[in-house]
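Below is one structure, written out as structure tokens; comments come after it.
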Amino acid sequence: MTVVALVPAAGQGTRLGLDVPKAFVTLKDRSLLERAVDGLFASGVVDEVVVMVPSDMVDGARALVPRARVVVGGAERTDSVRAGLAAAGDAELVLVHDAARPMTPPAMIVRVVDALRAGASAVIPVLPVADTVKRVDADGAVLATVDRADLRAVQTPQGFTAASLRTAYDAAPGELATDDAGLVERAGGTVVTVAGDPLAMKITTAFDLRVAQALIEE
Ligand code: CTP
Ligand code: MG
């Protein structure tokens, strides 16, 4: 079954606050985008990679990741994933993997694809939540303590049969989601979990970038 990985890399990285879009920020001389794409190919379970970038970064991205197909992303992450899906051709299995997770271990990518090959139609890598979590009101007053045992933090790559992901996106035109599996859930699909990995952390803030730099120096 052909496995195509879509890599949303068209965000601006506002919360990171540097002068280049986040996917083009470097960690020890290699961009987050290169690291994310290399990890996908290193897994050995991905046939093709489609990268979605800002329109003015297309040439730059082609030079950085020559093995990937580069297309223009959209204003929101969901728009970028739609653009990638349109370029995914006859993929049977589709992974969606943020460029912002440059240290994702290839073994974790294999776990996602193995679960798809075992028959799941949507798969997400997850970690237990370490902190106690409270629900608060608009003023910050505590309403409730949420049972942490039932909670999981979600990473990428998320894996889908192409049919389930296309159906979910078609069912929710114009809808925004931070998470592709969320759209599959809304469309009535079943989503299963596999073990994530702390190294698949998302780089969102300057602090995250410092943590990643320290880990990569190790
Ligand atoms: N992304 C995308 N297209 C968008 C917005 C985000 O392809 N219009 C991608 C980002 O490039 C990133 C991933 O989706 O790889 C996860 O998004 P996020 O961490 O929020 O990155 P940014 O949107 O770039 O960051 P910020 O929200 O701080 O601006
Ligand atoms: Mg964003």
Side-chain angles (χ1 to χ4, degrees), residues 4-27 30-41 43 46 48-65 68-88 94-105 108-109 112 124-127 153-160 165 168-169 172-184 196-213 215-216:
V4 176
L6 310 181
V7 179
Q12 289 305 317
T14 312
R15 288 168 290 178
L16 190 57
L18 298 178
D19 52 9
V20 283
K22 183 162 70 181
F24 297 86
V25 169
T26 55
L27 266 178
R30 284 170 65 229
S31 62
L32 304 193
L33 178 63
E34 287 167 270
R35 290 178 181 276
V37 170
D38 285 356
L40 286 163
F41 281 124
S43 74
V46 171
E48 262 181 68
V49 175
V50 179
V51 170
M52 298 81 83
V53 300
S55 56
D56 57 341
M57 301 303 278
V58 169
D59 292 341
R62 286 193 176 129
L64 287 177
V65 287
R69 204 131 43 86
V70 178
V71 301
V72 178
E76 301 290 343
R77 186 181 178 285
T78 41
D79 302 320
S80 297
V81 174
R82 275 181 207 283
L85 261 180
V94 177
L95 305 184
V96 186
H97 184 41
D98 293 328
R101 298 181 188 270
M103 298 181 296
T104 303
M108 194 186 103
I109 299 167
V112 172
I124 57 175
V126 299
L127 288 175
V154 179
Q155 303 181 314
T156 75
Q158 301 190 349
F160 307 91
L165 190 59
Y169 267 80
E175 223 161 319
L176 302 182
T178 55
D179 159 69
D180 306 289
L183 292 179
V184 171
D197 191 300
L199 284 172
M201 64 178 276
K202 182 158 79 77
I203 295 179
T204 304
T205 63
F207 176 80
D208 301 330
L209 191 63
R210 282 173 61 194
V211 171
Q213 260 150 359
L215 287 166
I216 278 176

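Counting convention: from 1, in listed order, for ligands and their atoms alike. We're numbering straight along the sequence, starting at 1.
Contacts between Gln12 and ligand 1 below 4.0 angstrom, taking non-hydrogen atoms only, involve the backbone exclusively. Both the backbone and the side chain of Arg77 come within 4.0 Å of ligand 1, judged by heavy-atom distances. Heavy atoms from both the backbone and the side chain of Ala10 come within less than 4.0 Å of ligand 1.
Judged by the shortest distance from any of its heavy atoms, Ala75 lies inside the 4.0 Å radius around the atoms of ligand 1. Within the structure, the closest approach of Ala23 to ligand 1 does not fall below 4.0 Å when heavy atoms are considered.
Put simply, the residue from Leu165, Asp179, Thr156 that forms a side chain to side chain contact (heavy atoms under 4.5 Å, CB included) with Val96 is Leu165. Of the residues listed (Asp79, Val58, Leu85, Val71), the one engaging Met52 in a side chain to side chain contact (heavy atoms under 4.5 Å, CB included) is Val71, and it is the only one. For the side chain to side chain contact (heavy atoms under 4.5 Å, CB included) with Val51, the lone residue among Val7, Leu6, Leu64 that qualifies is Val7.
Ranking protein heavy atoms by distance to atom 13 (C) of ligand 1, first place goes to Asp98 OD1, 3.3 Å. Nearest non-hydrogen protein atom to atom 27 (O) of ligand 1 is Arg15 NH2, 2.9 Å. Nearest protein heavy-atom neighbour of atom 26 (P) of ligand 1: Thr14 N, 3.5 Å. At the shortest separation from atom 21 (O) of ligand 1 among protein heavy atoms lies Lys22 NZ, 3.1 Å.
Using a 4.5 Å heavy-atom threshold, the side chains of Val65 and Val49 count as separate.
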List the steps, then state whether side chain to side chain contact (heavy atoms under 4.5 Å, CB included) holds for Leu27 with Gln213. CA-CA 6 Å; Leu27 266 178; Gln213 260 150 359; 3.6 Å; yes

Mind running side chain to side chain contact (heavy atoms under 4.5 Å, CB included) on Leu215 and Met201 for me, showing each step along the way? CA-CA 11 Å; Leu215 287 166; Met201 64 178 276; 4.3 Å; yes

Apply side chain to side chain contact (heavy atoms under 4.5 Å, CB included) to residues Thr104 and Gln155 and explain how you reach the verdict. CA-CA 9 Å; Thr104 303; Gln155 303 181 314; over 6 Å; no

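For atom 12 (C) of ligand 1, the nearest non-hydrogen atom from the set Pro8, Gly84, Pro102, Gly73 comes from Pro8. Residue nearest to atom 8 (N) of ligand 1, selected from Gly74, Gly11, Gly13: Gly74 (by heavy-atom distance).
Remark: ligand 1 atoms within the under-4.0 Å shell around heavy atoms of Lys202 are 18 (P), 19 (O). If you number the atoms of ligand 1 from 1 as listed, the ones under 4.0 Å from a heavy atom of Ala100 come out as 15 (O). Within ligand 1, counting atoms from 1 as listed, the ones closer than 4.0 Å to a heavy atom of Ser80 are 2 (C), 3 (N), 4 (C), 7 (O), 8 (N).
Nearest heavy atoms, Pro102 versus Ile203: CG-CD1, 3.8 Å. Ala200 and Pro105 get closest at one heavy-atom pair: N-CD, 4.2 Å.
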